[in-house]
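Worksheet: the structure to be examined is printed underneath.
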Amino acid sequence: MAALEPDADLEAGIDAARSFGLGFWLAAAWLGVILLLALAANQLPLEDPAHMNLLARRAAPSLHHPLGTDSFGRDLLSRLIFGARSSLLIGLIAPLIGVSVGGALGLLAGYFRGRLEMVTVGVMDVLLAFPPLVLALAVTAYLGQSVANLTAILGLLTIPSATRVARASSLTITQREFVVAAQALGAGHPRILVRQVLPNVMGPLAVLFLLAVAVIIVAEGALSFLGLGVPAPAPSWGSMIAEGSASLDIAPQIAFVPAAAMFFTVLAFNRLGDTLRALSDPRRAAP
Amino acid sequence: MLGLVGRKLVYLVPVVLAVTVLTFLVASLLPGDLAVAMLGDQATPENVAALHRKLGLDLPLWQQYLRWLSAVMVGDLGTSHRTGETVIHAIGGRLPVSLELMGLAEACALLIGVPFAVICAARRDSALDRTLSSGAFGMLSMPPYMLAILLVFVFSIRLGLLPSTGYTALSQGLVANMRSLALPAATLGLVEWPVLMRVLRADMIATLREEFIVAAKAKGLPRWRILLVHALKPSSLTLVTVTGLNLGRLLGGAVIIESIFALPGLGRLLVDSIYSRDFIVVQGVVLFIALGFVSVNFAVDMLYALLDPRIRHGRA
């Protein structure tokens, strides 16, 4: 490639870098801090998030409790950081399951077409017939509450959209010249799928993954808010908001602190997903 | 058009059947014995055996399914084992509240989303467009439960304007009814409008580039007329679909909102039944919601075809 010729790709790259903007970096920084705190939670000098001190209920922020305490006298900062653990753990693993399974199904369906595609699309239509939160509620009700069950069911709910995205990309890529060329050269299906089709499906799937993380964090919060998510006494942002909402009139910060943490985290994942989408498909990004 | 309806209906049948199978199987996921779980503390061997016979749990799974399905076909979703009320009756009592909540929320979302979308599309890339679009993007990250407590905090705790919980039926006066639904409907509507606005804005910007808009401008038609009469209708197609698809989101939101505001709706029935381990009701409500959701999406598909001749004639 001639070094002095600014080619189209490079220009697009520069434009994208410019469009990263302050919002992107703030989002990345916030997620970095939250992730670091969640990972290092055990090493930090924090009070046990389940330790109750009924003499210091709903205490205002102090040196000992930087964010104050909740209705049971538990340290809010400690619960916030340990809550980030559950939110991020479920929020990252569940979409990872969904995007892997759904991505693989969609990839194969779009490439092989035929009966496989029909069955895959049919199964997804059945899954999509249930409003996601309703299905999640019902399944956790029957299976019982645990982080593993929660992750599995929320992962299952991510599968249909991942399948749809992967199938759409795989369908168009399969008809492109380079795939036909590879077929003409005698490359086998596995080789074409992995070397030609998969790399081109990864972009849209990565965008979907980031946006799904945001959706799953909200969904996990909703289940925990209803008391059907992460089992107590382990803290989760959703259950913290629910507990805090009972004392909204005397100590609103108990609900608003975890709410703000969740809002900024969800916003940050949405921002990253949107930026990544702008990189791969400028037409569909938010302004 | 009739052919399209027929084709879609033929496809709908296996989907609906699969939905019933899945709903049934989810219930059999329960680790251990459904009867034991339902009876809780009162699970003596005699009680368990009696409930087994009553629910047909001693039959093989496929026979249980067929038994259940044939009852469902005639509208028998079973009987709550706690209250003795039939599930279909319980649903019938709760459904109007949920429908009213969702209808008001959707109206609220459209009232905010459509004008904003039109303004933003008309003044694309202006400071106003950027502000509103970023606002919408931010709102997308706001879960309904978060917005709910925020609105409760401002409007009922600080300002004391509206009740934070409880429901007053329409029969006791429109004003009281609206007051009890104001905060819940506003919460759901505020969560929904960004979705509608973003879709409509994008479509509207595309429409405004079309030649017939240029022609309308050349004729000297007033700007508002071009925007509201010529551009809005052809841009609303995706909005119709999204409104239908979003019903699932709206329903999920309603489950939480009804719990927060103590509204006696379908979502609250579901959550309460889960709390009280009334699994027959859970199963019935889930099936009812799923079937309703499938039917609405079918209706939206048809509406879309009716609105857009390109789909009606061929490639669907």
Side-chain angles (χ1 to χ4, degrees), chain A residues 23 121-123 125-144 149 153 211 214-215 217-219 221-228 237-238 241-242 244-245 248-250 252 255-256 258-260 262-271 274 283-284 286-287, chain B residues 11 14-16 18-19 21-23 26-31 120 124-125 129-130 133-134 136-138 140-146 148-150 152-153 157 164 198 202 247-253 255-256 259-260 267 270-271 273-275 277 279 282-283 285-286 289-291 293-294 297:
Chain A
V121 172
V123 170
D125 276 344
V126 173
L127 271 181
L128 286 171
F130 296 89
L133 194 67
V134 172
L135 188 60
L137 270 175
V139 175
T140 38
Y142 286 110
L143 276 181
N149 286 349
I153 176 66
L211 298 178
V215 173
I217 289 179
V218 171
L223 290 171
S224 295
F225 185 93
L226 292 172
L228 296 165
W237 288 344
I241 298 175
S245 69
L248 216 49
D249 46 348
I250 33 180
F256 285 143
M262 184 190 275
F263 173 70
F264 287 120
T265 306
V266 172
L267 186 64
F269 275 110
N270 275 334
R271 183 81 238 179
D274 213 63
R283 280 166 303 135
R284 290 185 49 212
Chain B
Y11 185 67
V15 169
V16 165
V19 166
V21 172
L22 197 61
T23 314
V26 164
S28 60
L29 275 178
L30 190 74
C120 286
R124 194 185 166 201
D125 290 331
D129 175 27
R130 277 172 196 280
S133 297
S134 321
F137 187 75
L140 279 179
S141 308
M142 183 82 84
Y145 40 96
M146 198 180 287
I149 60 163
L150 203 62
V152 165
F153 181 69
I157 293 178
S164 61
R198 280 162 63 99
L247 187 75
R249 241 173 77 102
L250 207 59
L251 265 166
V255 171
I256 298 175
S259 297
I260 296 177
L270 177 67
V271 174
S273 315
I274 291 175
Y275 289 150
R277 314 182 67 79
F279 291 111
V282 174
Q283 193 181 34
V285 173
V286 170
I289 290 179
L291 291 183
F293 190 39
V294 170
N297 275 326

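- Atom CD1 in B:I149 sits 6.0 Å away from atom CD1 in A:I241 (nearest 0.5 Å).
- Of the residues considered (B:V152, B:V16, B:V286), B:V286 shows the highest number of contacts with chain A, using heavy-atom pairs under 4.5 Å.
- Contact of B:V19 with chain A is made through backbone and side chain together, with heavy-atom distances under 4.5 Å.
- For B:L250, no part sits under 4.5 Å from any heavy atom of chain A, backbone or side chain.
- Proximity to chain B is limited to the backbone of A:I217, based on heavy atoms less than 4.5 angstrom apart.
- Heavy atoms of A:A214 lying under 4.5 Å from chain B are absent altogether.
- Annotation for A:G227 and B:Y275: closest pair N-OH, 4.5 Å, computed over non-hydrogen atoms.
- Of all the listed residues (B:I256, B:L247, B:L251, B:L270), the one sharing the greatest number of non-hydrogen pairs under 4.5 Å with chain A is B:I256.
- Most heavy-atom pairs under 4.5 Å with chain B: of the set A:G221, A:A138, A:G23, this distinction falls to A:G221.
- No other option in A:L133, A:D249, A:V126, A:L135 has as many heavy-atom pairs under 4.5 Å with chain B as A:V126.
- You'll find the side chain of A:L128 stays beyond 4.5 Å of the side chain of B:N297, heavy atoms only.
- Heavy atoms of B:A18 lying under 4.5 Å from chain A belong to its backbone as well as its side chain.
- The candidate with the highest count of non-hydrogen atom pairs below 4.5 Å against chain A, out of B:L140, B:L150, B:V21, is B:L150.
- No side-chain heavy atom of A:F225 sits less than 4.5 Å from a side-chain heavy atom of B:M146.
- Using a distance-only test at 3.5 Å, with no hydrogens or angles considered, no donor-acceptor pair links the side chain of B:Y145 to the main chain of A:L226.
- Evaluated for a side chain to side chain contact (heavy atoms under 4.5 Å, CB included) with A:V134, the options B:V282, B:V255, B:V285 yield exactly one hit, B:V255.
- Taking all atoms of both residues into account, the shortest heavy-atom contact from B:A290 to A:P131 is CA-CD, 4.5 Å.
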Go through it in stages, so that I can follow the logic: the residues are B:F137 and A:L267, the test is side-chain contact (heavy atoms from CB on, under 4.5 Å), and I'd like the CA-CA distance, side-chain angles, deciding distance and then a yes or no. CA-CA 8 Å; B:F137 187 75; A:L267 186 64; 4.3 Å; yes
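- Between chain A and the residues B:S259, B:A148, B:G267, B:G138, the largest count of heavy-atom pairs under 4.5 Å involves B:G138.
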